[in-house]
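When a ligand or atom number is given, it counts from 1 through the structure's own listing order.
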Amino acid sequence: MYSVSKHSLNDQKFTLIEVVHKDIKVTFMDYGATILSIYVPDKDGVMETIVMAYDKLESYIENDMYLNAIIGPTSGRIQDATFRIGSESYVLDKNFLGTENLHGGKECFAFRFFEYEIVDQTDQTTITFTIEKREEGSAYPGNQIVKIIYTIKEGELSIEFTGETDKDTLMNLTNHAYFNLSGNMKRDILNHRLYVDSKYHLELNDTLVPIKISENINTRFDFACLKKIKNNFYDGIYDLKTKGIDEPFLLHTENIDHVQVIFTDDISKRGLKVYTTYPCIVIYTHNYPDTLDLLNGVVNRRHLGVCFETQLEPNGINIKNIDDGILRKGNEYYFKTIYKFYVEE
Ligand code: BGC
């Protein structure tokens, strides 16, 4: 079941789509193909949203935090904002520290309107958000067509990331949802528990660009057992440039039935499991909050959410022994991520 509403802001029309199935209500917006809320029950059946949300719709227009939006043509940082495909060099805008490209810079899909199509069935609803990126006026090669397919059904939200191009190009699509299982951002995520099935992460340089593979074992990236996130937040973590965790975790299977991440909250008893065919998840513990009002007067602060950004290895094009992330003309880009929500016994 779904409903559609229109909202005018700054002479632009924003479309909101609310989808309801048993025990789940999700709201999307065509701008950025953004998730505005995901309501699921806690142990007492209380429905609250488990993603961070701004108080006002207009806060999503500039959306410095990329809150719950779709990121593309590329996610994460690209070193020196430059990449090569064959003999051609491409230079993107340097929107991070004046040297790196972050999340596609001014071309980021988070700041564009998508077309949408809804298919509603008894037990599930699918929304296909489509965007075209023209080569003309773009720093990325090729005319690209990207479709983000959200499917909502009982206890689950899945996202299919698809794309095509008429010239070899770079494509790395993700969703930037900030999860917080306490419900309506009541508590931060440091007391949530996390398990990640990953043995390696990509180490970042001084400008937070992934540069090489490192082991997780006995480091702050070691979530091989389900444990409170704060257990890996040692004294001195705030001396790091990241101020928390902001690294790509490498996965060792791309099997959609395999649980890659388990995230739980002891108090609400809500749980989240992440499945993906992508080879990597950037885990970002919301280390750099902005100052805009959040839903219900909640004050934005560090660690009020955590992103599980399933994607290709960011900056892979500039790192030896890592997939370059090039989408060849004629090939289909296709990855799927499933977020499953449950209540612990
Ligand atoms: C990046 C962070 C960045 C954040 C912006 C994340 O995906 O990894 O470094 O600060 O996005 O909201």
Does K133 have more than 12 heavy atoms from other residues, nucleotides or ligands lying within 6.0 Å of its NZ?
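Above 12, so yes.
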Please determine whether the number of non-hydrogen atoms from other residues, nucleotides or ligands lying under 6.0 Å from atom CD of E117 exceeds 12.
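Not more than 12 within 6.0 Å, no.
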If the cut-off is 4.0 Å to any non-hydrogen atom of [X], which atoms of ligand 1 fall inside it?
X	value
D246	1 (C), 2 (C), 8 (O), 9 (O)
M65	12 (O)
Y178	12 (O)
E309	6 (C), 7 (O)
Y66	5 (C), 12 (O)

Would you check the N or O atoms of H176, main chain and side chain alike, for any that come under 3.5 Å of an N or O of ligand 1?
yes
Distance to 0.1 Å, residue and atom name: give those for the protein heavy atom nearest to atom 10 (O) of ligand 1.
Y284 OH, 3.4 Å
What residue and atom, counting heavy atoms only, is the protein's closest point to atom 3 (C) of ligand 1, and at what distance?
R77 NH2, 3.9 Å
State, yes or no, whether a side-chain contact exists between L36 and N68 at a heavy-atom distance under 4.5 Å.
no
Report yes if the side chains of Y90 and Y140 come closer than 4.5 Å at any heavy-atom pair, otherwise no.
no
Heavy-atom distances under 4.0 Å are what count here, so tell me which part of F96 touches ligand 1: side chain, backbone, both or neither.
neither
Once the angle between the rings of [X] and [Y] is folded into 0 to 90°, is it parallel (under 30°), tilted (30 to 60°) or perpendicular (over 60°)?
X	Y	value
F14	F113	tilted
F233	H303	perpendicular
F263	H192	parallel

